[in-house]
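Some notes on the structure that comes next.
Order of appearance sets the numbers: ligands from 1, and atoms from 1 within every ligand. None of these values were measured; they are calculated from a predicted model. FYI, side chains are in, hydrogens and waters are out, and symmetry mates aren't considered; it's all heavy atoms of this structure.
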Amino acid sequence: MQRVYLDHAATTPMVAEAISALVDQSAKLGNPSSLHTSGREVRKDVEEAREAIAKFAECAPSEIIFTGSGTEANNAAIKGLFWSARESNPKRKVIVTSPFEHHAVMDPIDWLAVHEGAEVVHVGVSSDGVVDLDDVKRIIEARADEIALISIMHSNNEIGTVQPISEIVQIASEKQIAVHSDAVQSFGKVEFSFKNLGLTAATLSAHKIGGPLGIGILILKRGLEITPVLHGGGQERDIRSGTLNAPAIVSFAAAVKKVHSEFLERNNRVRHLKESLKATLNEKVSDIRFNGRSENSLPGILNVTFPGAPGDALLLLLDAENISTSTGSACSAGVAQPSHVLLSLGLSERDAKSSLRFSLGHTSTDSDVAYLGSVIGKVVERARAAGLK
Ligand SMILES: Cc1ncc(COP(=O)(O)O)c(C=O)c1O
(Lines give C-alpha, C1' and ligand atoms only; values in the text may rest on other atoms or scores of the structure.)
Protein backbone atom coordinates (compact mmCIF):
# COMPACT_ATOMS: atom_id res chain seq x y z
CA MET A 1 0.00 0.00 0.00
CA GLN A 2 1.04 3.59 -0.60
CA ARG A 3 2.29 5.65 2.29
CA VAL A 4 0.13 8.49 3.55
CA TYR A 5 2.50 11.43 3.79
CA LEU A 6 1.44 13.99 6.39
CA ASP A 7 4.82 15.67 6.85
CA HIS A 8 4.81 18.30 4.08
CA ALA A 9 6.25 20.95 6.42
CA ALA A 10 9.43 18.86 6.64
CA THR A 11 9.64 18.57 2.87
CA THR A 12 7.04 18.27 0.12
CA PRO A 13 7.20 16.30 -3.16
CA MET A 14 8.81 18.10 -6.07
CA VAL A 15 6.37 19.24 -8.74
CA ALA A 16 6.84 17.70 -12.22
CA GLU A 17 7.86 21.08 -13.70
CA ALA A 18 10.66 21.44 -11.15
CA ILE A 19 11.93 17.91 -11.79
CA SER A 20 12.06 18.50 -15.57
CA ALA A 21 13.80 21.84 -15.09
CA LEU A 22 16.36 20.26 -12.76
CA VAL A 23 17.11 17.44 -15.20
CA ASP A 24 17.25 19.68 -18.29
CA GLN A 25 19.46 22.29 -16.66
CA SER A 26 21.80 19.59 -15.30
CA ALA A 27 22.57 18.61 -18.90
CA LYS A 28 23.79 22.16 -19.68
CA LEU A 29 27.52 22.81 -19.35
CA GLY A 30 28.89 26.06 -18.02
CA ASN A 31 29.77 27.93 -14.86
CA PRO A 32 27.47 30.97 -14.70
CA SER A 33 30.46 33.09 -13.70
CA SER A 34 32.47 32.15 -16.81
CA LEU A 35 32.74 34.76 -19.53
CA HIS A 36 32.55 32.41 -22.52
CA THR A 37 29.38 31.56 -24.39
CA SER A 38 28.58 28.40 -22.37
CA GLY A 39 28.93 30.31 -19.11
CA ARG A 40 26.86 33.21 -20.37
CA GLU A 41 24.07 30.89 -21.49
CA VAL A 42 23.81 29.36 -18.02
CA ARG A 43 24.04 32.85 -16.48
CA LYS A 44 21.05 33.88 -18.58
CA ASP A 45 19.03 30.92 -17.22
CA VAL A 46 20.00 31.84 -13.66
CA GLU A 47 19.04 35.48 -14.14
CA GLU A 48 15.68 34.56 -15.67
CA ALA A 49 15.03 32.30 -12.67
CA ARG A 50 16.01 35.12 -10.31
CA GLU A 51 13.54 37.44 -12.02
CA ALA A 52 10.73 34.88 -11.87
CA ILE A 53 11.23 34.29 -8.15
CA ALA A 54 11.59 38.03 -7.43
CA LYS A 55 8.28 38.66 -9.15
CA PHE A 56 6.47 36.24 -6.85
CA ALA A 57 8.33 37.29 -3.67
CA GLU A 58 7.77 40.95 -4.63
CA CYS A 59 11.35 42.08 -4.35
CA ALA A 60 13.91 43.36 -6.84
CA PRO A 61 15.86 40.61 -8.64
CA SER A 62 19.08 42.16 -7.28
CA GLU A 63 17.76 41.62 -3.74
CA ILE A 64 17.87 37.84 -4.20
CA ILE A 65 20.97 36.04 -2.96
CA PHE A 66 20.99 32.31 -3.67
CA THR A 67 22.29 30.08 -0.87
CA GLY A 68 22.63 26.34 -0.28
CA SER A 69 19.57 26.14 2.04
CA GLY A 70 17.18 28.09 4.21
CA THR A 71 19.48 27.32 7.12
CA GLU A 72 22.40 28.96 5.33
CA ALA A 73 20.32 32.01 4.42
CA ASN A 74 19.29 32.41 8.08
CA ASN A 75 22.92 32.16 9.20
CA ALA A 76 24.03 34.69 6.56
CA ALA A 77 21.29 37.16 7.53
CA ILE A 78 21.57 36.90 11.30
CA LYS A 79 25.37 36.76 11.61
CA GLY A 80 25.86 39.26 8.78
CA LEU A 81 23.41 41.84 10.17
CA PHE A 82 24.77 41.37 13.70
CA TRP A 83 28.44 41.79 12.71
CA SER A 84 27.70 44.81 10.50
CA ALA A 85 25.59 46.53 13.18
CA ARG A 86 28.21 45.93 15.85
CA GLU A 87 30.97 47.19 13.57
CA SER A 88 29.14 50.46 13.00
CA ASN A 89 28.34 50.82 16.71
CA PRO A 90 29.89 48.48 19.33
CA LYS A 91 26.90 49.11 21.62
CA ARG A 92 24.60 47.27 19.23
CA LYS A 93 24.73 43.73 20.59
CA VAL A 94 21.10 42.91 21.36
CA ILE A 95 19.22 40.45 19.16
CA VAL A 96 15.44 40.49 19.59
CA THR A 97 13.75 37.25 18.61
CA SER A 98 10.83 34.99 19.50
CA PRO A 99 11.07 31.92 21.71
CA PHE A 100 9.56 29.70 19.00
CA GLU A 101 11.94 30.16 16.08
CA HIS A 102 13.18 27.23 14.01
CA HIS A 103 16.59 25.91 15.08
CA ALA A 104 18.02 27.46 11.90
CA VAL A 105 17.40 30.87 13.52
CA MET A 106 17.65 29.97 17.18
CA ASP A 107 21.03 28.25 16.92
CA PRO A 108 22.95 30.97 14.99
CA ILE A 109 21.60 33.46 17.55
CA ASP A 110 22.69 31.24 20.45
CA TRP A 111 26.09 30.86 18.75
CA LEU A 112 26.44 34.66 18.56
CA ALA A 113 25.57 34.87 22.26
CA VAL A 114 28.23 32.31 23.24
CA HIS A 115 31.01 33.38 20.84
CA GLU A 116 30.40 37.02 19.91
CA GLY A 117 28.90 38.59 23.03
CA ALA A 118 25.35 38.98 21.69
CA GLU A 119 22.57 39.50 24.21
CA VAL A 120 19.37 37.67 23.30
CA VAL A 121 16.02 39.21 24.22
CA HIS A 122 12.90 37.11 23.68
CA VAL A 123 9.57 38.79 23.00
CA GLY A 124 6.53 37.48 24.80
CA VAL A 125 4.07 35.28 22.90
CA SER A 126 0.41 34.43 23.44
CA SER A 127 -0.80 30.96 24.37
CA ASP A 128 -2.09 30.53 20.82
CA GLY A 129 1.32 31.24 19.34
CA VAL A 130 1.47 34.88 18.28
CA VAL A 131 4.15 37.46 19.11
CA ASP A 132 2.99 40.15 21.57
CA LEU A 133 3.31 43.49 19.76
CA ASP A 134 3.13 45.51 22.98
CA ASP A 135 6.16 43.62 24.21
CA VAL A 136 8.00 44.32 20.93
CA LYS A 137 7.20 48.01 21.38
CA ARG A 138 8.33 47.99 25.02
CA ILE A 139 11.67 46.32 24.18
CA ILE A 140 12.36 48.66 21.28
CA GLU A 141 11.55 51.74 23.36
CA ALA A 142 13.82 50.57 26.17
CA ARG A 143 16.77 49.33 24.12
CA ALA A 144 16.61 50.96 20.66
CA ASP A 145 20.28 52.04 20.50
CA GLU A 146 21.52 48.62 21.58
CA ILE A 147 19.54 46.47 19.15
CA ALA A 148 21.58 44.98 16.30
CA LEU A 149 18.63 43.24 14.66
CA ILE A 150 15.22 41.69 15.14
CA SER A 151 14.66 38.20 13.75
CA ILE A 152 11.11 36.86 13.96
CA MET A 153 9.69 34.15 11.72
CA HIS A 154 6.89 34.91 9.27
CA SER A 155 5.04 31.75 10.26
CA ASN A 156 5.77 28.94 12.65
CA ASN A 157 6.73 25.52 11.31
CA GLU A 158 5.19 23.51 14.17
CA ILE A 159 1.90 25.28 14.87
CA GLY A 160 1.43 27.28 11.65
CA THR A 161 0.67 30.67 13.19
CA VAL A 162 1.41 33.68 10.95
CA GLN A 163 3.17 36.50 12.82
CA PRO A 164 2.42 40.25 12.63
CA ILE A 165 5.62 41.03 10.71
CA SER A 166 4.36 44.17 9.01
CA GLU A 167 3.49 45.70 12.41
CA ILE A 168 6.87 44.67 13.85
CA VAL A 169 8.67 46.30 10.91
CA GLN A 170 6.63 49.45 11.38
CA ILE A 171 7.65 49.71 15.06
CA ALA A 172 11.30 48.89 14.28
CA SER A 173 11.62 51.26 11.33
CA GLU A 174 10.87 54.28 13.53
CA LYS A 175 14.24 53.53 15.15
CA GLN A 176 15.96 52.30 11.95
CA ILE A 177 16.35 48.77 13.31
CA ALA A 178 16.93 45.94 10.81
CA VAL A 179 14.29 43.19 10.74
CA HIS A 180 14.90 39.71 9.34
CA SER A 181 12.11 37.18 8.95
CA ASP A 182 12.35 33.46 8.23
CA ALA A 183 9.57 32.99 5.66
CA VAL A 184 10.49 29.40 4.75
CA GLN A 185 7.08 28.02 5.71
CA SER A 186 5.06 30.98 4.45
CA PHE A 187 6.33 31.44 0.92
CA GLY A 188 3.81 29.94 -1.51
CA LYS A 189 1.32 29.15 1.27
CA VAL A 190 0.15 32.56 2.49
CA GLU A 191 0.61 36.03 1.10
CA PHE A 192 4.23 37.14 1.29
CA SER A 193 5.53 40.38 -0.18
CA PHE A 194 9.05 41.49 0.73
CA LYS A 195 8.30 44.99 -0.55
CA ASN A 196 4.99 45.45 1.29
CA LEU A 197 6.35 44.06 4.55
CA GLY A 198 9.26 46.51 4.42
CA LEU A 199 11.71 43.91 5.73
CA THR A 200 15.49 44.26 5.73
CA ALA A 201 16.00 40.56 5.04
CA ALA A 202 13.99 37.36 4.58
CA THR A 203 14.69 33.67 4.09
CA LEU A 204 13.09 31.25 1.59
CA SER A 205 13.70 27.59 0.79
CA ALA A 206 12.76 25.67 -2.37
CA HIS A 207 11.99 22.24 -0.96
CA LYS A 208 8.98 23.43 1.05
CA ILE A 209 7.06 24.41 -2.11
CA GLY A 210 7.86 21.59 -4.54
CA GLY A 211 11.34 22.67 -5.59
CA PRO A 212 14.58 20.76 -4.97
CA LEU A 213 16.44 20.24 -1.71
CA GLY A 214 19.56 22.26 -1.04
CA ILE A 215 18.66 25.65 -2.48
CA GLY A 216 17.62 28.65 -0.43
CA ILE A 217 17.37 32.40 -0.80
CA LEU A 218 18.37 35.31 1.33
CA ILE A 219 16.41 38.36 0.24
CA LEU A 220 18.46 41.34 1.31
CA LYS A 221 17.41 44.95 0.85
CA ARG A 222 18.95 46.61 -2.17
CA GLY A 223 22.29 48.29 -1.55
CA LEU A 224 22.78 46.86 1.93
CA GLU A 225 26.20 45.37 2.57
CA ILE A 226 26.56 42.85 5.36
CA THR A 227 29.55 40.94 6.67
CA PRO A 228 29.65 37.58 4.85
CA VAL A 229 29.86 34.20 6.57
CA LEU A 230 31.47 32.59 3.50
CA HIS A 231 34.51 34.00 1.72
CA GLY A 232 35.57 32.99 -1.76
CA GLY A 233 34.82 33.95 -5.34
CA GLY A 234 32.56 36.87 -4.41
CA GLN A 235 29.42 35.59 -6.15
CA GLU A 236 26.04 36.93 -5.03
CA ARG A 237 27.00 40.48 -4.04
CA ASP A 238 30.09 39.20 -2.20
CA ILE A 239 27.72 37.93 0.49
CA ARG A 240 27.50 34.30 -0.58
CA SER A 241 30.56 33.02 -2.39
CA GLY A 242 30.39 29.68 -4.19
CA THR A 243 29.57 28.56 -7.74
CA LEU A 244 25.85 29.04 -8.30
CA ASN A 245 23.81 25.83 -8.35
CA ALA A 246 22.16 26.63 -11.68
CA PRO A 247 20.03 23.45 -11.97
CA ALA A 248 18.58 23.91 -8.48
CA ILE A 249 17.99 27.64 -9.08
CA VAL A 250 16.17 27.06 -12.36
CA SER A 251 14.18 24.25 -10.77
CA PHE A 252 13.28 26.50 -7.80
CA ALA A 253 11.90 29.06 -10.28
CA ALA A 254 9.83 26.38 -12.01
CA ALA A 255 8.29 25.40 -8.66
CA VAL A 256 7.59 29.05 -7.85
CA LYS A 257 5.81 29.58 -11.18
CA LYS A 258 3.72 26.47 -10.57
CA VAL A 259 2.71 27.59 -7.07
CA HIS A 260 1.95 31.06 -8.39
CA SER A 261 -0.31 29.70 -11.12
CA GLU A 262 -2.47 27.76 -8.66
CA PHE A 263 -1.92 29.67 -5.42
CA LEU A 264 -5.53 30.16 -4.29
CA GLU A 265 -6.86 26.86 -5.57
CA ARG A 266 -4.02 24.87 -3.98
CA ASN A 267 -4.05 26.61 -0.62
CA ASN A 268 -7.83 26.67 -0.26
CA ARG A 269 -7.94 22.96 -1.01
CA VAL A 270 -5.22 22.22 1.56
CA ARG A 271 -6.94 24.39 4.20
CA HIS A 272 -10.21 22.61 3.56
CA LEU A 273 -8.47 19.24 4.02
CA LYS A 274 -6.99 20.46 7.30
CA GLU A 275 -10.47 21.33 8.57
CA SER A 276 -11.62 17.88 7.56
CA LEU A 277 -8.63 16.32 9.37
CA LYS A 278 -9.51 18.34 12.48
CA ALA A 279 -13.12 17.14 12.37
CA THR A 280 -11.99 13.54 11.85
CA LEU A 281 -9.64 13.67 14.83
CA ASN A 282 -12.35 15.21 17.02
CA GLU A 283 -14.72 12.46 15.98
CA LYS A 284 -12.32 9.53 16.44
CA VAL A 285 -10.31 10.51 19.53
CA SER A 286 -11.52 11.81 22.87
CA ASP A 287 -9.84 14.57 24.88
CA ILE A 288 -7.54 16.21 22.33
CA ARG A 289 -6.39 19.82 22.02
CA PHE A 290 -5.28 21.82 19.00
CA ASN A 291 -2.26 24.08 19.40
CA GLY A 292 -1.96 27.47 17.73
CA ARG A 293 -4.96 29.20 16.17
CA SER A 294 -6.87 28.51 12.98
CA GLU A 295 -7.35 32.10 11.78
CA ASN A 296 -4.30 33.70 10.20
CA SER A 297 -2.43 30.42 9.99
CA LEU A 298 -0.72 28.29 7.36
CA PRO A 299 -3.19 26.19 5.35
CA GLY A 300 -1.57 22.80 5.97
CA ILE A 301 -0.26 22.62 9.56
CA LEU A 302 -2.25 21.05 12.40
CA ASN A 303 -0.62 20.52 15.79
CA VAL A 304 -2.48 18.29 18.21
CA THR A 305 -1.96 17.30 21.85
CA PHE A 306 -3.15 13.80 22.72
CA PRO A 307 -2.91 13.93 26.55
CA GLY A 308 -1.42 10.73 27.99
CA ALA A 309 -0.06 9.48 24.67
CA PRO A 310 3.69 9.93 24.08
CA GLY A 311 4.29 11.74 20.77
CA ASP A 312 7.18 9.48 19.77
CA ALA A 313 5.01 6.39 20.35
CA LEU A 314 2.24 7.95 18.25
CA LEU A 315 4.72 8.74 15.48
CA LEU A 316 6.09 5.18 15.40
CA LEU A 317 2.68 3.51 15.63
CA LEU A 318 1.39 5.70 12.78
CA ASP A 319 4.55 4.94 10.81
CA ALA A 320 3.81 1.22 11.24
CA GLU A 321 0.40 1.99 9.67
CA ASN A 322 2.21 3.67 6.72
CA ILE A 323 1.50 7.22 7.86
CA SER A 324 4.33 9.79 8.11
CA THR A 325 3.98 12.55 10.73
CA SER A 326 6.31 14.54 12.97
CA THR A 327 6.63 15.40 16.65
CA GLY A 328 8.36 18.65 15.69
CA SER A 329 10.73 18.22 18.58
CA ALA A 330 14.37 17.31 18.53
CA CYS A 331 15.72 13.99 19.70
CA SER A 332 18.81 14.41 21.81
CA ALA A 333 20.95 11.31 22.42
CA GLY A 334 17.96 9.10 21.69
CA VAL A 335 15.80 10.83 24.31
CA ALA A 336 12.75 12.72 23.02
CA GLN A 337 12.87 16.37 24.07
CA PRO A 338 9.68 18.40 24.44
CA SER A 339 9.22 20.94 21.65
CA HIS A 340 10.53 24.40 22.59
CA VAL A 341 7.71 25.86 20.49
CA LEU A 342 4.98 24.18 22.53
CA LEU A 343 6.73 24.95 25.83
CA SER A 344 6.84 28.64 24.84
CA LEU A 345 3.03 28.60 24.51
CA GLY A 346 2.81 27.44 28.12
CA LEU A 347 2.18 23.72 27.57
CA SER A 348 3.51 21.45 30.31
CA GLU A 349 6.46 19.19 29.40
CA ARG A 350 4.09 16.26 29.59
CA ASP A 351 1.60 17.77 27.12
CA ALA A 352 4.38 19.03 24.84
CA LYS A 353 5.72 15.46 24.71
CA SER A 354 2.23 14.18 23.85
CA SER A 355 1.85 16.25 20.70
CA LEU A 356 2.07 15.57 17.02
CA ARG A 357 2.28 17.77 13.93
CA PHE A 358 0.27 16.76 10.87
CA SER A 359 1.19 18.79 7.80
CA LEU A 360 -0.73 18.59 4.55
CA GLY A 361 0.43 19.73 1.13
CA HIS A 362 -0.22 19.84 -2.59
CA THR A 363 -0.43 16.07 -3.02
CA SER A 364 -2.69 15.46 0.00
CA THR A 365 -6.13 14.00 -0.64
CA ASP A 366 -9.44 13.25 1.10
CA SER A 367 -8.47 9.59 1.16
CA ASP A 368 -5.30 10.43 3.17
CA VAL A 369 -7.53 11.98 5.83
CA ALA A 370 -10.00 9.10 5.67
CA TYR A 371 -7.22 6.54 6.07
CA LEU A 372 -5.77 8.37 9.07
CA GLY A 373 -9.30 8.46 10.51
CA SER A 374 -9.56 4.68 10.15
CA VAL A 375 -6.47 3.99 12.30
CA ILE A 376 -6.01 6.97 14.65
CA GLY A 377 -8.47 5.71 17.30
CA LYS A 378 -6.63 2.46 17.95
CA VAL A 379 -3.20 4.10 17.62
CA VAL A 380 -3.97 6.67 20.33
CA GLU A 381 -5.50 3.99 22.52
CA ARG A 382 -2.30 1.90 22.29
CA ALA A 383 -0.06 4.91 22.87
CA ARG A 384 -2.14 5.98 25.88
CA ALA A 385 -1.94 2.44 27.27
CA ALA A 386 1.87 2.65 26.98
CA GLY A 387 1.70 6.05 28.74
CA LEU A 388 4.43 8.59 29.26
CA LYS A 389 7.60 7.16 30.73
C1 LIG B 1 10.84 27.73 9.55
C2 LIG B 1 12.00 27.04 8.91
N3 LIG B 1 13.15 27.69 8.76
C4 LIG B 1 14.23 27.14 8.19
C5 LIG B 1 14.19 25.84 7.76
C6 LIG B 1 15.42 25.25 7.16
O7 LIG B 1 15.38 25.26 5.76
P8 LIG B 1 16.36 24.27 4.93
O9 LIG B 1 15.81 22.90 5.11
O10 LIG B 1 16.28 24.76 3.53
O11 LIG B 1 17.72 24.43 5.53
C12 LIG B 1 13.01 25.10 7.90
C13 LIG B 1 12.97 23.68 7.48
O14 LIG B 1 12.58 22.81 8.19
C15 LIG B 1 11.89 25.72 8.49
O16 LIG B 1 10.74 25.05 8.66
Side-chain angles (χ1 to χ4, degrees), residues 5-14 18 22 53 57 64-79 97-111 125 129-131 150-163 165 179-190 192 194 197 199 201-219 229-230 236 240 242 245 248-249 251-253 255-256 259 291-292 297-303 324-331 339-342 344 357-361:
Y5 187 77
L6 299 175
D7 200 15
H8 289 261
T11 196
T12 199
M14 281 180 77
L22 186 71
I53 299 170
I64 287 190
I65 293 170
F66 288 110
T67 63
S69 62
T71 301
E72 190 195 319
N74 280 336
N75 272 268
I78 292 162
K79 292 175 181 165
T97 188
S98 85
F100 50 47
E101 296 295 313
H102 189 275
H103 275 281
V105 164
M106 213 163 76
D107 291 11
I109 291 177
D110 287 349
W111 183 88
V125 297
V130 185
V131 161
I150 298 174
S151 182
I152 294 180
M153 65 202 323
H154 193 274
S155 62
N156 185 276
N157 51 296
E158 288 187 36
I159 53 173
T161 47
V162 175
Q163 303 303 318
I165 297 301
V179 184
H180 162 255
S181 186
D182 177 342
V184 163
Q185 293 290 344
S186 288
F187 188 56
K189 321 267 174 52
V190 289
F192 173 84
F194 185 74
L197 288 170
L199 284 163
T203 297
L204 312 178
S205 177
H207 73 102
K208 308 292 186 182
I209 62 156
L213 290 156
I215 181 78
I217 286 176
L218 163 63
I219 310 181
V229 173
L230 297 183
E236 301 296 89
R240 201 280 186 174
N245 184 349
I249 289 169
S251 174
F252 191 172
V256 167
V259 172
N291 300 309
S297 65
L298 295 175
I301 292 184
L302 189 64
N303 193 299
S324 309
T325 60
S326 162
T327 55
S329 58
C331 186
S339 144
H340 69 279
V341 175
L342 298 179
S344 77
R357 176 188 71 183
F358 301 95
S359 54
L360 302 145

Per-atom contacts, ligand 1 versus Ser205 - under 4.0 Å to a heavy atom: 8 (P), 10 (O)
Atom indices of ligand 1, in the order listed, that fall short of 4.0 Å to a heavy atom of Ser69: 10 (O), 11 (O)
For Asp182, the ligand 1 atoms whose distance to one of its heavy atoms is below 4.0 Å: 1 (C), 2 (C), 3 (N), 4 (C)
Glu72 touching ligand 1 at heavy-atom level, < 4.0 angstrom: no
Which segment of Thr71 sits under 4.0 Å of ligand 1 when only heavy atoms are counted: both
Heavy-atom check, side chain of Thr97 versus side chain of Met153, under 4.5 Å: no
Identified side-chain hydrogen bond (donor to acceptor under 3.5 Å, both in side chains) partner of Asn303 from the options Thr161, Asn291, Asn156: Asn291
side-chain contact (heavy atoms from CB on, under 4.5 Å) between Thr12 and Tyr5, intermediate numbers included: CA-CA 9 Å; Thr12 199; Tyr5 187 77; 5.6 Å; no
Per-atom contacts, ligand 1 versus His207 - under 4.0 Å to a heavy atom: 8 (P), 9 (O), 10 (O)
Under 3.5 Å: N/O of Gly70 near N/O of ligand 1: yes
Shortest protein heavy-atom distance from atom 15 (C) of ligand 1, along with the residue and atom involved: His102 CD2, 3.2 Å
Protein heavy atom at shortest distance from atom 14 (O) of ligand 1: Lys208 NZ, 2.7 Å
Considering all heavy atoms, the nearest Asn74-Ala104 contact: CB-O, 3.2 Å
Worked check of side-chain contact (heavy atoms from CB on, under 4.5 Å) between Leu199 and Ile165: CA-CA 8 Å; Leu199 284 163; Ile165 297 301; 3.7 Å; yes
Main-chain N/O of Gly216 paired to Glu72 side chain as donor or acceptor, under 3.5 Å: no
Contacts of type side-chain hydrogen bond (donor to acceptor under 3.5 Å, both in side chains), residue Ser186, not counting sequence neighbours: His154, Ser155
Those atoms of ligand 1 less than 4.0 Å from some heavy atom in Gln185: 1 (C), 15 (C), 16 (O)
